[in-house]
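Numbers here are sequence positions counted from 1.
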Amino acid sequence: MKRRLMAATATAALLTAVTACGSGPAESAADGFEGQTLTLWAMDGSTPKQWEKDVRAAFEKKTGAKLKLEVQQWNGIQQKITTALSESEPPDVIEVGNTQTPAYAKTGGLADLGDLRKSIGADWTESVNKSAVYGGKQYAAPWYTVNRTVIYNKRIWAEAGLKGTPRTRAEFFDALDAIEKKTDAEPLYLPGQNWYFFDGLLIGKDAGLVRKQGGKWVSNLSAPEAGEAMKLYAKYASYSDAPKDKDEATPQQAEVFAKGKTGAFIGLGWEAGTAVEANPKIEKDIGYFTIPGESPDKPEGVFLGGSNLAVAAGSEKQELAREFLKIALSDEFEGALAKEGGVIPNKASLQKQVEGNPAAEAAAPAVAGGGLTPLIPQWAAVENPPNPVKRYMTAVLKGTPHAEAAESVEQEINKRLSQEQ
């Protein structure tokens, strides 16, 4: 999935100091890798400047080797990585999208990192680590995650007489009712095809998008639990004037919010930065809170976007690559990445590093109960445009019953799930 780190705006109040927390990389002298160069492919925006500088220094001091960072762009990256993994001299360490990891693992292009899990990953957050496991084996290491929160306009909430932020779904709906009755603002901007928010609601209902039938993966969109999730989505959408047949990027929902006439929207932390770019005056009015669930102690389900770090199976520098991962994924540098980048680290014990960043603070509580799209190689084809799940969502919002809308797209979903990967 395409991701950007949370924007380093004054609203987010990002801190850039690098602070060690818990265990850190070894301080020993070079370990016999002098003269070697490790190639790392990382995506644009994933390696904050200070983090990169400090990790590079620690790696070169520990190993005596050099680190060659090659920044990649998201456009076309899946094919580029697939091709690179099949070549005789692939990059040694690669950042891979968490939902893309199973597809790379299936090809045999990723090294088994089970030994790394035992040595440094015993306390990786389970919901975050799931995407790094395929066929029961650890083919990558979880690096960071991001998830959606409610981004709201404090001024509009104050005009509606609202104090504080809701801790339950019922309280959230009450707040939206108040905005609708007491102000001229649109309570919530939610287009009909915000697929990743819908996926979070599915996760909250423990509704799987696929199921096994006759040894094959088939759609599970017609399940009653999926219908319940969509019914909940429709209630949220009833507070919005957004198009039922568009997603959050058409138009950019943050730019709609920037006009100052919307009470809230559901998005990623960096989208607040987009709103501020469009209208700097709105910065003082922006606030964040965790998407509330049915009870105060259990936030709504969320889709966990993020990245893993993997070692190419064809790399001739397996040991050196593992040394890099031990350093980059140490508590010291995971904490530094969270602090500087505003992302959620791979351990719950490190979430304190996002303190002072209100967007990340709002995102962190939902991580433990978060989830992903189906972790099977075939799922990527389902999300390719035109996404049939989005078509289902629009149909329901326009009045088609859940079962009928699901049936209308399941043939297409099953066709895509049957494609050879």
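Ionic pairing of Lys261 and Glu186 is not present here: no N-O contact between side-chain nitrogen and carboxylate oxygen is shorter than 4.0 angstrom. Checked for salt-bridge contact, Arg56 and Glu52 meet the test: a charged N lies under 4.0 Å from a carboxylate O. Classification of Lys62 and Glu323 as a salt-bridged pair holds, one side-chain N sitting under 4.0 Å from a carboxylate O. The existence of a salt bridge linking Glu294 and Lys298 is excluded, since no basic side-chain nitrogen approaches an acidic carboxylate oxygen closer than 4.0 Å. With salt bridges taken as basic N to acidic carboxylate O contacts below 4.0 Å, none links Lys154 and Asp285.
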| field | ring pair (Phe, Tyr, Trp, His ring centres under 6.0 Å) evaluation trace for Phe172 with Phe289 | value | CA-CA 11 Å; Phe172 191 11; Phe289 60 87; 5.5 Å; yes

| request: List the steps, then state whether side chain to side chain contact (heavy atoms under 4.5 Å, CB included) holds for Leu337 with Phe333. | output: CA-CA 6 Å; Leu337 183 70; Phe333 292 117; over 6 Å; no

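Remark: aromatic rings of Phe197 and Tyr236 are close, center separation under 6.0 Å.
Panel note: side chain Asn98, backbone Ala132; no donor-acceptor pair is recorded below 3.5 Å. The backbone N or O of Ser219 lies less than 3.5 Å from a partner atom in the side chain of Asn414, making a donor-acceptor pair. Remark: side-chain polar atoms of Thr125 are not paired, donor with acceptor, to backbone N or O of Val128 under 3.5 angstrom.
Nearest heavy-atom pair across Leu221 and Ala226 is O-CB, 3.3 Å. Across all their heavy atoms, Ile203 and Val302 have their closest contact at CD1-O, 3.5 Å.
Side-chain N/O atoms of Gln419 and Gln378 include no donor and acceptor closer than 3.5 Å. In summary, the side chains of Gln193 and Thr394 do present a donor paired with an acceptor at a separation below 3.5 Å, with no hydrogens or angles considered. No side-chain N or O of Thr82 forms a donor-acceptor pair with one of Gln78 less than 3.5 Å apart. A donor and an acceptor atom, one from each side chain of Ser315 and Asp92, are located under 3.5 Å apart. For the 3.5 Å distance criterion, the side chains of Gln36 and Lys66 fail to qualify, holding no donor opposite an acceptor. A donor-acceptor contact under 3.5 angstrom links the side chains of Asn308 and Ser131, judged on distance only.
Annotation: Lys212, atom NZ; neighbour count of heavy atoms from other residues, nucleotides and ligands within 6.0 Å is above 12.
Taking CG of Leu201 as the start and CD1 of Ile266 as the end, the distance is 7.5 Å to the nearest 0.5 Å.
Pro299 pairs in a side chain to side chain contact (heavy atoms under 4.5 Å, CB included) with only one of the listed residues (Ile291, Thr290, Val367), which is Thr290.
Qualifying side chain to side chain donor-acceptor pair (under 3.5 Å) partners for Asp297, counting only residues two or more places apart in sequence or in other chains: Ser295.
Ring orientation note: the planes of Phe303 and Tyr196 are tilted relative to one another, at an angle of 30° to 60°.
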